[in-house]
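Order of appearance sets the numbers: ligands from 1, and atoms from 1 within every ligand. Atom set for the values below is all heavy atoms of this structure, side chains included, hydrogens, waters and symmetry mates excluded.
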Amino acid sequence: MSSLNEKTDSKTTNKQVQNVIQGVRTSDGAGVKLTRIIGSQQLQMLDPFLLLDCFESDDPNDYIAGFPPHPHRGFETVTYILDGKMRHADSRGNEGVIEAGGVQWMTAGKGILHSEMPEQEQGLLKGFQLWVNLPKSEKMCTPKYQEFSAKHIPIDTKDEAFSVKVIAGQSDSGVTGPVVNLHSYPMYLDVMMHQTANFKQSIPSTHNAFVYVIDGQLSVADLAVSAGQLAVLGQGDSLELRAQAQSRFLVIAAKPMAEPVARHGPFVMNDYDELKQAFIDYQQGKFGCLAEP
Ligand code: CO
């Protein structure tokens, strides 16, 4: 005898936590203090994610020097600003300010030279930079930008216990983020819990995924994950966690490239020869130059 309420949809498998990573304090650019969460000895990469930095300070000495002109080739940089403002200018004549709540998804492709400088002399600057790899076929593509201010990032408020800013991918109640990416089909969610509650999100089983806790405390598959920690998720197609009220966290996932990685500093290619060529091209000025302000 079968129950009338028996579910007929296919079973989901909850993701377990493979590893919990604590970021490492370091500095980059012209001395910006930041926490490196992916791209350190503890977690060199989580294919296709090459780096995740969190910068957060209300002391101008920690950020004012910014990131003066530097090149990128072979991947994408994703800058998400929570507080403060960052001015961006590149060798192709693009310039703009990413304001609080805004995101810039830059496909560096064959190469750009750019600067990323705080557009403020005091106050809190807080945000993230994520590096996402490009497949071999796209590493030398023409650079492009997808930029969205806070008001162009939809917020899923269908569950009263939390709200989800959907930057990329789709929330479980069907809100789709504005970023389009046909290389790694990313998911980038910023989840704010308003009360102690469960949170559930499907994630394609093809994807590598992680949760990064910005504030508060989560219990993911019975494992405690606190502010400043990243939980690498294992196989499965669903994330289920319990969060304390006032928690905030990122859920980020993408399809791995499963290709060899040759990286050094701002260049990420497939082999050593391509990496060497990137340095030669840069030294020969092929990344262009930045107009003096
Ligand atoms: Co950069």
Side-chain angles (χ1 to χ4, degrees), residues 23-24 26-40 44-45 48-57 62-82 84-99 102-120 125-134 138-148 167-168 179 181 183-184 186 188 252 254 261-269 275 278-279 281-283 285-293:
V24 177
T26 182
S27 70
D28 208 338
V32 177
K33 293 215 175 96
L34 49 81
T35 304
R36 182 144 297 161
I37 308 146
I38 300 177
S40 73
Q44 291 189 350
M45 69 176 287
F49 305 115
L50 302 155
L51 176 140
L52 177 67
D53 281 345
C54 175
F55 44 92
E56 176 180 11
S57 179
D62 289 345
Y63 62 71
I64 204 75
F67 303 89
H70 59 276
H72 291 291
R73 175 181 279 181
F75 61 102
E76 305 184 295
T77 68
V78 182
T79 308
Y80 180 38
I81 302 290
L82 303 187
K85 296 177 185 184
M86 190 81 100
R87 176 171 290 275
H88 169 264
D90 80 5
S91 50
R92 301 170 68 87
N94 301 298
E95 188 166 3
V97 176
I98 312 167
E99 307 216 14
V103 67
Q104 180 197 66
W105 199 292
M106 180 183 85
T107 307
K110 64 184 176 187
I112 55 110
L113 183 77
H114 75 165
S115 64
E116 299 156 282
M117 303 297 287
E119 183 79 348
Q120 62 192 52
L125 181 70
K126 181 173 181 176
F128 294 95
Q129 187 163 92
L130 176 71
W131 289 9
V132 186
N133 209 358
L134 283 170
E138 297 297 323
K139 281 190 178 292
M140 295 300 280
C141 72
T142 303
K144 72 164 189 180
Y145 290 90
Q146 298 183 71
E147 248 182 79
F148 303 97
I167 293 165
V179 170
N181 185 310
H183 315 308
S184 53
Y188 196 131
I252 297 180
V261 172
R263 66 190 285 185
H264 191 85
F267 306 127
V268 184
M269 306 304 290
L275 200 56
F279 277 95
D281 289 350
Y282 176 55
Q283 278 158 4
K286 290 189 180 159
F287 286 66
C289 59
L290 272 178
E292 288 298 319

Problem set entry | Side-chain heavy-atom pair Thr35, Asp53 within 4.5 angstrom cut-off | no
For this session: Could you tell me whether Lys33 and Asp28 have a side-chain N and a carboxylate O separated by less than 4.0 Å?
Result: no
For this session: List for me each residue that meets salt bridge (Lys or Arg N to Asp or Glu O under 4.0 Å) alongside Asp281, sequence neighbours excluded, and say none if there are none.
Result: Arg73, Lys286
Exercise. What residues, two or more places apart in sequence or in another chain, satisfy salt bridge (Lys or Arg N to Asp or Glu O under 4.0 Å) together with Lys144?
Worked result: none
For this session: Check the angle between the aromatic planes of His70 and His114 and answer parallel, tilted or perpendicular using the 30° and 60° thresholds.
Result: perpendicular
For this session: Just the protein N/O/S atoms under 2.8 Å from the Co ion (ligand 1), please, no waters.
Result: His70 NE2, His72 NE2, His114 NE2, Glu116 OE1
Exercise. Got a sec, which residues hit side-chain contact (heavy atoms from CB on, under 4.5 Å) with Pro118, two or more places apart in sequence or on another chain?
Worked result: Tyr63, Met86, Gln120, Leu125
